[in-house]
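Here's the structure we're looking at; comments come further down.
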Number of protein chains: 2
Amino acid sequence: MLTQKVLGVKGEEDPAMGRPKDTGRTAGAGRGAEGGRTVGIKDVARAAGLSITTVSHALNGKGQVSTRTRERVRQVAEELGYRPNPAAQVLLSGRTGVIGLAAGHQSSEPWERTYRPYYAAFTAGAMVEAVDRDYALVVVPVGPGTDLWTRIPMDGLIVVDPIAGDPVINEALRRGLAVVTDGRPIDPAHAELPYVQSDIVTGIGLVMDHLHDAGARRIGLLSGSELDSFTLDSEQTYAEWCTTRHLPAAVERTAPGEPARDAARRLLATRPDAVHALNRTYGEAVLAAAQALGLSIPGDLMVTVMDEVEPGTRPALTTLSLDPRRVGSACAAALIDRLTGAEPEPVTVPSRLVPGESTQRG
Amino acid sequence: MLTQKVLGVKGEEDPAMGRPKDTGRTAGAGRGAEGGRTVGIKDVARAAGLSITTVSHALNGKGQVSTRTRERVRQVAEELGYRPNPAAQVLLSGRTGVIGLAAGHQSSEPWERTYRPYYAAFTAGAMVEAVDRDYALVVVPVGPGTDLWTRIPMDGLIVVDPIAGDPVINEALRRGLAVVTDGRPIDPAHAELPYVQSDIVTGIGLVMDHLHDAGARRIGLLSGSELDSFTLDSEQTYAEWCTTRHLPAAVERTAPGEPARDAARRLLATRPDAVHALNRTYGEAVLAAAQALGLSIPGDLMVTVMDEVEPGTRPALTTLSLDPRRVGSACAAALIDRLTGAEPEPVTVPSRLVPGESTQRG
DNA sequence: TCGGATTCCCAAAACCTTTTGGGTGGCGGA
DNA sequence: TCCGCCACCCAAAAGGTTTTGGGAATCCGA
């Protein structure tokens, strides 16, 4: 009886399918040099015996065109397979319907970040929001010597973690693009830009309180060399927290190009009983350095990290999660608000603490 | 001593930064209705007292222009902040430097898939490949009633899991776009398209052998309602495997719109001792249905699933992983080959089996 | 039959750049 | 002195669409 089903599966299939033995070679279509030029509105007009104007009006429901003519134009256009050239429409209207997402720091290997969970989730959130509002999102690489993005038409740009004097922002503004940033712009020249930020102040507070409650008294911070608001605010909030509690503070930063593990080693040399790391890489570096020193976790050292966790899973390291999907969504919303004339609402997205084993003593 | 460091951090910062108390309101720039129109090549020509032609030549290093003039043009253009309008360049050259990635089936909620790990990894792979070869990647939503993607200029399109008579492919071809698919095109009309595919035949073989080695003799397959090559090839390979081994086969499909759990229940009613599920959702549905029946895993029922696992982690469910990043990369490469005149190499990306607890008896 | 209002349609400008195919003036050689 | 060549530059077309500002019929009432 089971076998019957399988036969059924085999038999009732579309006859079109065959085993994949054919090679996937290239086809004929395309705007190549071959015969078939694309059919333009001009061709439709000629075929219908009408003017270009009338065809345009008929197709777009704009001007005064008799119903009969309108219908005939539709018919002819359909037969010819006419499709308006998007590039021409963009040139004319100035509106592309595309917003860009600048991925990658000027200061770092641009694409390394793409793989990171934060970017992936951010992108997904921004994409959905954009599409909901009838925009497409193009993720563009930026970085030293990468000007590809300037050659692709777009209406606005989302810049993640802007830095002081951010060249991408400057170039975008010069081009007349609307700009929204994820993270407060550091540069005073960009202070007027709309932005979305994660609630780092509260988030760092959550982490520190959590560690403190777990018994930590010498909490170190492993930070980065990038001067974005996330890093700066994290460091500052951390410092204020320590000062308020009259507890010692130790910040260590990875120099540009330096392996995170070296910075982690330096930090552990200050003998902290807990460390908060500003991203996953740094967190792993702390773990590695701790292991090299024979420190047990969480017994000798508690570790927390800024990272993204899959919803519903429990991370090994206690994690401060920034909800990047919501941040991305908010960025896209703000940018599109700006493009459509609405005043973007300043947004602060709350972060949440996901406890893991790395801070659970006993 | 620890405290000193913190003071250092607070003190040596760029004076530009301040606490984030200012609201992120909108700025002034933009091509809005306000005064500042964008400066075009015409403005540069006028300012330099030259013709448009000469300016263009000077800026692009094309025609015969004296070094002195060339330099002066550069100077003026810089001062005016001239940037060529990408839309005009696209209209003229016909080349956008953008390739699209169609996300979502015509038959399914378009965005549901975006969140899936497969898409995320696929996108990342395609994006990196595209950028390496000086193309940008725009992820466009497709689905019933979604024609947004047709309005954005691009040179080619990657279609994931094409179905019979795929409307996206047809529309793309009609527009003269180059098309590459992830998964062999089902429709005979698209048989000539270049494609990249995962090695499903080998992959299913791995899964079935693995289950068989673990003692399974009545292996069921939980499949989907989409008629793409992934589904079809999986089912067919599965059926052939069962036939060759003279073992019973049971395939159950979720009807469109039907909760996966119902199909899983139907499948378990055939009393299999192992089930392979064609995606994560289906795998979870099998687990849920098994639990409802009081079946223990892997004791009473072994479960395998097609899914992506983070490299270096061990999944709970034994997983057939398709290496979507490589697939995405190969798709982008093939598409760009096609655009640049090269003949795309047909590619088959191997899949790998990652054993988990769900098939380890004893 | 004429004027005016309608109805339907069209020519041309505009969007911005690149490229083609000259055109102009100066210089050297004859 | 004249011719040809060279160096430098430019006008105009092309690319495909939308929109502006009419223009030519047609129809109605007077």
Side-chain angles (χ1 to χ4, degrees), chain A residues 31 33 36-74 76-77 80-97 150-155 175-176, chain B residues 31 33 36-74 76-77 80-97 150-155 174-177:
Chain A
R31 76 162 63 211
R37 237 193 64 270
T38 325
V39 358
I41 198 175
K42 210 178 308 185
D43 303 302
V44 178
R46 186 165 23 217
L50 289 167
S51 77
I52 293 180
T53 310
T54 307
V55 172
S56 175
H57 281 163
L59 258 28
N60 300 327
K62 284 296 178 60
Q64 310 230 65
V65 184
S66 75
T67 315
R68 247 174 54 81
T69 310
R70 201 178 292 269
E71 204 40 59
R72 189 160 57 91
V73 169
R74 289 230 169 87
V76 172
L80 266 53
Y82 166 70
R83 296 288 183 279
N85 180 329
Q89 292 176 309
V90 168
L91 174 59
L92 201 51
S93 68
R95 181 189 182 279
T96 67
T150 63
R151 301 204 302 270
I152 114 163
M154 61 183 80
D155 296 336
R175 286 178 176 274
Chain B
R31 76 162 62 210
R37 237 192 64 269
T38 325
V39 357
I41 198 173
K42 210 179 308 187
D43 303 301
V44 178
R46 187 166 23 220
L50 288 168
S51 76
I52 293 179
T53 309
T54 306
V55 172
S56 175
H57 281 163
L59 257 27
N60 300 327
K62 284 296 178 60
Q64 310 231 66
V65 184
S66 75
T67 316
R68 246 174 55 82
T69 310
R70 201 178 292 270
E71 204 41 58
R72 189 160 56 92
V73 170
R74 289 230 168 88
V76 173
L80 266 52
Y82 166 69
R83 295 289 183 277
N85 180 328
Q89 292 176 310
V90 167
L91 175 58
L92 203 52
S93 68
R95 181 188 183 279
T96 67
T150 64
R151 301 204 302 270
I152 113 163
M154 59 182 81
D155 296 336
R174 185 193 298 270
R175 301 187 98 87
L177 297 183

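Residue numbers begin at 1 in each chain, while the letters A, B, ... track the order of the sequences.
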Expressed in angstrom and rounded to an integer, what is the separation of [X] atom [atom1] from [N] atom [atom2]?
X	N	atom1	atom2	value
B/Arg70	D/dA7	CZ	P	14 Å
A/Leu59	C/dC10	CG	C1'	16 Å
A/Asn85	C/dC15	CG	P	18 Å
A/Leu92	D/dT17	CG	C1'	6 Å
B/Leu91	D/dA14	CG	C1'	9 Å
A/Lys42	C/dA12	NZ	P	14 Å
A/Ile41	C/dA12	CD1	P	17 Å
A/His57	C/dA11	NE2	P	13 Å

Do [X] side-chain atoms and [Y] backbone N/O form a donor-acceptor pair below 3.5 Å?
X	Y	result
B/Arg95	B/Val90	no
B/Arg175	A/Arg83	no
A/Ser93	A/Gln89	yes
B/Asp155	B/Thr96	yes
B/Asn60	B/Ser56	yes

Taking only side-chain nitrogens and oxygens of [X], does any of them come within less than 4.0 Å of OP1 or OP2 of [N]?
X	N	value
A/Thr54	C/dC10	yes
A/Ser93	D/dT17	no
A/Tyr82	D/dG16	no
B/Asn60	C/dT18	yes
A/Lys62	D/dT18	no
A/Gln89	D/dG16	no

Remember a base hit wins even if backbone is also touched, and classify [X] as base, sugar-phosphate or nothing at under 4.0 Å, heavy atoms.
X	result
A/Ser66	sugar-phosphate
B/Ser56	base
B/Arg83	sugar-phosphate
B/Leu50	sugar-phosphate
A/Gln64	base

First of A/Ile52 and B/Thr53 reached from the 5' end of DNA chain C, by closest nucleotide: A/Ile52
Donor/acceptor link under 3.5 angstrom from A/Ser51 side chain onto base of C/dA11: no
Side-chain H-bond candidate by donor/acceptor type, A/Ser66 with A/Thr69, under 3.5 Å: yes
